[in-house]
Amino acid sequence: MAEIKLENVRKTFGKTIATRDVSLTIHDREFMVLLGPSGCGKTTLLRGIAGLDQIDSGRIFIGDQDVTDLPPRKRRIAMVFQSYAVFPHLTVYENIAFGLRMQRMADAEVKKRVGSAAELLHITELLQRYPAQVSGGQRQRVAVARAIAVQAAVLLMDEPLSNLDALLRLEMRAELKRLLKEVNSTVVYVTHDQVEALSLGDRIAVMKEGSILQCDTPLKVYDYPATQFVGSFIGNPPMNFLTGQVKVDGSSTTISAGGSTFKPSPSTQSALRDSASVLLGIRAENIEASATAVDGALSGSVLVVEPLGSHNLLTVKVGAEYVKVNAHADAVFQPDQPIWLKIATDKIRWIDRQGGLALA
Ligand code: ATP
């Protein structure tokens with residue numbers, strides 16, 4: 001059992017608070033992604049779990065064991081780092097065997113473990129080569145194989161795909177996903193790439209300035225961001241946010257935004273007060289663009305048309321605000337053309353404008 005439990009983990013560097021009393025439970029065999037912009041504390045948290053840095057306060061548990069004061073080698077972990085340091089003077093075979101040799105494992109067992117790790121990562125034919133004789137992507141796989149061969153209860157990965165070119169990254173992403181379902185480790189994976197996070201994670205912990213803003217399944221984080229920041233950070237393009245004004249009139253609560261009037265759900269209504277300023281959050285794919293007037297739609301004018309192959313990305317000016325809309329690839333829109341935007345009201349995320357928090 002390798003559940004990881006973080007309780008109020010704080011780490012500071014001088015005046016910088018790298019992690020602010022972070023609490024998080026990562027279930028046994030779960031694939032948890034730590035996602036956030038540069039400097040938000042992802043690596044610090046991972047290094048804390050690994051025991052590479054001593055935390056200032058809080059506790060870290062792996063399984064039933066409090067590992068807060070244990071050195072890395074006693075934590076049942078394996079790691080892959082961004083730089084994927086493989087030893088240049090060792091063959092691929094010996095690189096993968098490294099952790100096993102450190103454990104003084106018998107040769108026959110080392111051979112078996114290296115063989116199966118290499119097979120999983122499709123690098124069997126490279127075992128006798130040196131790192132300089134394989135490609136960057138293959139070197140990356142050697143580093144992953146080395147971590148997997150140890151069969152640690154916990155696998156910690158810090159941006160392991162960041163040094164690869166776009167195509168290889170895409171391939172490796174799918175490969176990693178397949179592979180990590182076959183090993184029984186609990187995985188903590190750091191990235192600032194939101195697509196990678198959505199594709200790989202069982203859950204994603206979105207971080208900002210040393211805190212976790214939301215920890216949920218990829219779909220939840222995408223469809224129901226807990227804050228404006230999460231909605232902006234996840235998804236390409238980011239979620240649109242239009243400013244709205246609440247009007248409470250007796251038992252009726254409405255919100256005007258983008259020149260249209262919306263009726264929020266009862267649970268959202270109960271969180272609203274008259275004249276409050278809110279944000280209407282909506283994703284580009286949940287807006288239908290029309291060249292002719294549509295009842296209840298927002299009216300605007302097309303500013304930019306970006307053909308992206310599978311669809312066209314439109315930037316539309318609505319009043320003084322801008323909205324990104326996905327339109328069909330064969331829909332013909334021109335800059336300056338009037339346009340009507342029909343919003344899928346069940347997909348709206350209402351956010352409190354002041355605090356940036358979702359309202360329901
Ligand atoms: P990136 O995606 O750029 O790797 P990150 O989210 O992993 O960023 P961390 O490396 O955890 O962020 O850094 C969190 C904060 O702590 C940053 O403000 C960083 O400057 C600071 N920090 C990290 N390591 C040190 C250190 N050794 N000394 C001083 N400050 C540090």
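In listed order, ligands and their atoms are each counted from 1. For clarity, every value in this text was computed on a predicted model and none was experimentally measured.
Within a 4.0 Å radius of atom 9 (P) of ligand 1, the protein has at least one heavy atom. For atom 31 (C) of ligand 1, the nearest protein heavy atom lies under 4.0 Å away.
Nearest protein heavy-atom neighbour of atom 7 (O) of ligand 1: Thr43 OG1, 2.7 Å. Distance from atom 14 (C) of ligand 1 to its nearest protein heavy atom, with residue and atom name: Gly39 O, 3.4 Å. Ranking protein heavy atoms by distance to atom 21 (C) of ligand 1, first place goes to Phe13 CD1, 3.9 Å. Nearest protein heavy-atom neighbour of atom 18 (O) of ligand 1: Thr16 CG2, 3.5 Å. When hydrogens are left out, the protein atom nearest atom 2 (O) of ligand 1 is Lys42 NZ, 2.9 Å; that is the closest non-hydrogen contact.
Considering all non-hydrogen atoms of both residues, Glu321 and Phe241 come closest at OE2-O, 4.2 Å. Residues Ser290 and Thr292 share a closest heavy-atom pair of OG-O, 2.7 Å.
Under the 4.0 Å criterion applied to side-chain N and carboxylate O atoms, Glu30 and Arg203 are assigned as salt-bridge partners. We find that Glu285 and Lys347 are not joined by a salt bridge, their nearest charged nitrogen and carboxylate oxygen being 4.0 Å or further apart.
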_side chain to side chain contact (heavy atoms under 4.5 Å, CB included) assessment of Phe333 paired with Asn312_ = CA-CA 9 Å; Phe333 286 103; Asn312 289 342; over 6 Å; no
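A cation-pi geometry, defined here as NZ or CZ lying under 6.0 Å from the six-membered ring centre and within 45° of its normal, holds between Lys11 and Phe13.
The option with the heavy atom closest to atom 16 (O) of ligand 1, from among Ala18, Gly14, Ser38, is Ala18.
For Cys40, the closest heavy-atom approach to ligand 1 falls below 4.0 Å.
Around NZ of Lys263, the count of heavy atoms belonging to other residues, nucleotides or ligands within 6.0 Å exceeds 12.
Residue Thr44 has at least one heavy-atom neighbour below 4.0 Å for each of these atoms of ligand 1: 9 (P), 11 (O), 13 (O), 14 (C). Every atom of ligand 1 is numbered from 1 in the order shown, and the set under 4.0 Å from a heavy atom of Pro37 is 6 (O).
Atom CD1 in Ile26 sits 11.5 Å away from atom CZ in Phe31 (nearest 0.5 Å).
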